[in-house]
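Input: one structure, supplied below.
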Amino acid sequence: MPIASDIILTKLNSQFGDGIVSHEEQYNMLIITAKSHINVEILKYLYHEDELKFQFLTDLTGVHYPESLLPFCVVYHLHSLTTNTRLRLKFFVPLENPEIETMTSLYASANWMERETYDFFGIIFKNHPNLRRILNVDDMQVHPMRKEYPLEDPNRVDKKDHFFGR
């Protein structure tokens, strides 16, 4: 039976206090935003706590909010297979130093997901055993999922109004 969101939230608040920044619930999933410097402690607690046992890392990715004060977000989706409970954790990191500690020691599957997040967003996972590009070419100078570039090339000629009868 799934664990109620308020139980998870109470446990995390009692353990980490002001390290938990905010929470919300969407589509019956608890979403917790926490300070990035305690990501390892929070995830280890969720993994080892007897009642919670979030031992399956479903997904790990990044999000870029270019207008935000902390524009990069590392998102973890966890699943407790024993209780069939899902949880989303968000950790925001700054543009000038987009670093967060690796979770490869706890979740082996984080290895490739962190490499992909680094490749596309440029978020650095400290102490990662092999942090290098995984899908893009090694000598690529940009991170393509960052919202730093215009969506369309202004020099394209096939997007002119007269081609569409306007």
Side-chain angles (χ1 to χ4, degrees), residues 1-135 143-147:
M1 184 164 153
I3 302 170
S5 296
D6 58 336
I7 293 173
I8 299 169
L9 195 56
T10 301
K11 286 180 174 285
L12 287 173
N13 279 326
S14 67
Q15 190 73 22
F16 299 102
D18 63 348
I20 305 300
V21 176
S22 66
H23 70 278
E24 62 181 300
E25 193 160 341
Q26 290 180 350
Y27 307 108
N28 296 321
M29 181 188 296
L30 179 62
I31 303 165
I32 296 175
T33 303
K35 294 180 180 175
S36 63
H37 68 278
I38 58 171
N39 74 316
V40 173
E41 291 84 4
I42 290 176
L43 287 161
K44 280 185 177 178
Y45 175 77
L46 290 168
Y47 188 96
H48 294 295
E49 208 281 331
D50 289 335
E51 191 177 350
L52 301 177
K53 293 192 186 226
F54 284 99
Q55 298 178 344
F56 182 67
L57 177 63
T58 306
D59 192 25
L60 183 163
T61 190
V63 183
H64 185 198
Y65 300 103
E67 305 298 321
S68 177
L69 185 61
L70 296 172
F72 294 111
C73 179
V74 178
V75 182
Y76 297 86
H77 286 149
L78 303 176
H79 189 182
S80 173
L81 298 173
T82 57
T83 63
N84 195 26
T85 307
R86 295 182 184 275
L87 175 66
R88 180 181 302 150
L89 290 166
K90 295 180 175 182
F91 300 95
F92 285 85
V93 295
L95 176 66
E96 62 278 352
N97 190 20
E99 291 185 345
I100 192 164
E101 193 66 38
T102 185
M103 290 310 304
T104 54
S105 62
L106 189 60
Y107 298 106
S109 61
N111 190 324
W112 283 46
M113 290 187 258
E114 288 178 354
R115 285 180 61 191
E116 180 185 43
T117 303
Y118 163 72
D119 193 2
F120 283 105
F121 292 95
I123 298 170
I124 298 164
F125 292 88
K126 296 185 294 188
N127 299 314
H128 188 281
N130 189 16
L131 191 63
R132 59 187 172 93
R133 291 197 182 265
I134 191 169
L135 294 170
H143 300 282
M145 293 300 286
R146 287 187 176 189
K147 296 176 181 164

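Worth saying up front: this structure is predicted, and the values here are computed from it rather than measured. Counting from 1, the numbers follow the sequence of the chain as shown.
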Is there a side-chain contact (heavy atoms from CB on, under 4.5 Å) between His79 and Asn84? Walk through the geometry before answering.
CA-CA 7 Å; His79 189 182; Asn84 195 26; 3.0 Å; yes

Using atom types as modelled and distance alone, determine if a side-chain donor or acceptor of Arg88 lies under 3.5 Å from a backbone N or O of His77.
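No, Arg88 side chain to His77 backbone: no donor-acceptor pair under 3.5 Å.
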
Report the C-alpha distance between Leu135 and Glu116 in whole Å, list the side-chain angles of each, state the deciding distance to 0.1 Å, and finish with yes or no for side-chain contact (heavy atoms from CB on, under 4.5 Å).
CA-CA 7 Å; Leu135 294 170; Glu116 180 185 43; 3.7 Å; yes

Please check if the side chain of Thr85 supplies one atom and the backbone of Ile3 the other of a donor-acceptor pair under 3.5 Å.
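Yes, because the side chain of Thr85 sits within donor-acceptor range (under 3.5 Å) of the backbone of Ile3.
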
Would you indicate whether the side-chain heavy atoms of Ile32 and Glu24 approach each other to under 4.5 Å?
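A side-chain contact under 4.5 Å is absent here.
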
Within the structure provided, determine whether Lys90 and Ile31 are in side-chain contact (heavy-atom separation under 4.5 Å).
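Yes, their side chains come closer than 4.5 Å.
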
Indicate the atoms forming the closest heavy-atom contact of Phe54 with Ser80, along with that distance.
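Scanning both residues completely, I find the closest heavy atoms to be CD2-N, 3.5 Å.
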
Whether over 12 other heavy atoms sit under 6.0 Å from Asn28 CG
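At most 12 heavy atoms, drawn from other residues, nucleotides or ligands, come within 6.0 Å of this atom.
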
Locate the shortest heavy-atom distance separating Asn111 from Pro129; write the atom from each residue and the value.
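Taking Asn111 first and Pro129 second, the nearest heavy atoms are ND2-CG, 3.9 Å.
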
Side chain proximity check, Glu51 to Lys11, heavy atoms < 4.5 angstrom:
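Side chain of Glu51 against side chain of Lys11, heavy atoms only: contact under 4.5 Å found.
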
What distance do Leu46 atom CG and Lys53 atom NZ have between them, rounded to the nearest 0.5 Å?
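With rounding to 0.5 Å, CG (Leu46) is 13.0 Å from NZ (Lys53).
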
Measure the NE2-CZ distance between His143 and Phe120 for me, rounded to the nearest 0.5 Å.
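If I round to the nearest 0.5 Å, the distance is 11.0 Å.
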
Nearest-0.5 Å distance that lies between atom CD1 in Ile124 and atom CD1 in Ile100:
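Interatomic distance, Ile124 CD1 to Ile100 CD1, rounded to 0.5 Å: 12.0 Å.
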
Kindly give the heavy-atom pair with the smallest separation between Leu131 and Phe125, and that separation in Å.
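Of all heavy-atom pairs spanning Leu131 and Phe125, the closest is CD2-N, 3.5 Å.
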
Quick one: does Asn39's side chain have a donor or acceptor within less than 3.5 Å of a partner on Glu101's backbone?
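Yes: the side chain of Asn39 pairs with the backbone of Glu101.
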
Residue pair Leu30 / Glu25: nearest heavy atoms and the distance that separates them:
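For Leu30 and Glu25, the tightest heavy-atom pair comes out as N-CG, 4.3 Å.
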
To the nearest 0.5 Å, tell me how far Ile20 CD1 sits from Leu89 CG.
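Ile20 CD1 to Leu89 CG: 7.5 Å, rounded to 0.5 Å.
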
If I take atom CG from residue Leu70 and atom CD from residue Glu96, how far apart are they, to the nearest 0.5 angstrom?
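Between Leu70 CG and Glu96 CD, I get 8.0 Å after rounding to 0.5 Å.
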
Which heavy atom of Leu52 sits nearest a heavy atom of Ile8, and at what distance?
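Distance-wise, the nearest heavy atoms are CD2-CG1, 3.9 Å.
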
How far apart are the C-alpha atoms of Arg115 and His128, what are their side-chain angles, what is the distance that settles it, and do they pass the side-chain contact (heavy atoms from CB on, under 4.5 Å) test?
CA-CA 9 Å; Arg115 285 180 61 191; His128 188 281; 3.6 Å; yes

Consider only side-chain N and O atoms of Thr102 and Glu114, and report whether a donor and an acceptor are under 3.5 Å apart.
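Distance-only check passes for Thr102 and Glu114.
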
Side chains of Leu57 and Met113: does their closest heavy-atom pair fall under 4.5 Å?
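Leu57 vs Met113: side chains touch.
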
Can you confirm whether Ile42 sits close enough to Phe91 that some side-chain heavy atom of one is under 4.5 Å from a side-chain heavy atom of the other?
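Yes, their side chains come closer than 4.5 Å.
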
Does some side-chain heavy atom of Val74 sit less than 4.5 Å from a side-chain heavy atom of Ile123?
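Ile123 vs Val74: side chains touch.
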
Minimum heavy-atom separation for His48 to Leu106, with atom names?
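Taking every non-hydrogen atom into account, NE2-CD1, 4.0 Å.
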
Phe72/His64 under ring pair (Phe, Tyr, Trp, His ring centres under 6.0 Å): CA gap, chis, key distance, verdict:
CA-CA 5 Å; Phe72 294 111; His64 185 198; 4.5 Å; yes

How long is the span from the CD1 atom in Ile7 to the CG atom in Leu12, to the nearest 0.5 Å?
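Result: 12.0 Å between the selected atoms.
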
Tell me, with the steps shown, if Tyr118 and Ile134 meet side-chain contact (heavy atoms from CB on, under 4.5 Å).
CA-CA 9 Å; Tyr118 163 72; Ile134 191 169; over 6 Å; no

Measuring only between side-chain heavy atoms, which start at C-beta, is Asp119 closer than 4.5 Å to Met145?
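No, too far: nothing below the 4.5 Å cut-off.
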
Atom CG of residue position Leu69 - does it have more than 12 heavy atoms of other residues, nucleotides or ligands inside 6.0 Å?
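Atom CG in Leu69 is not packed in, count stays at 12 or less.
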
Side chain proximity check, Tyr76 to Met103, heavy atoms < 4.5 angstrom:
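Yes, at least one pair of side-chain atoms sits under 4.5 Å.
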
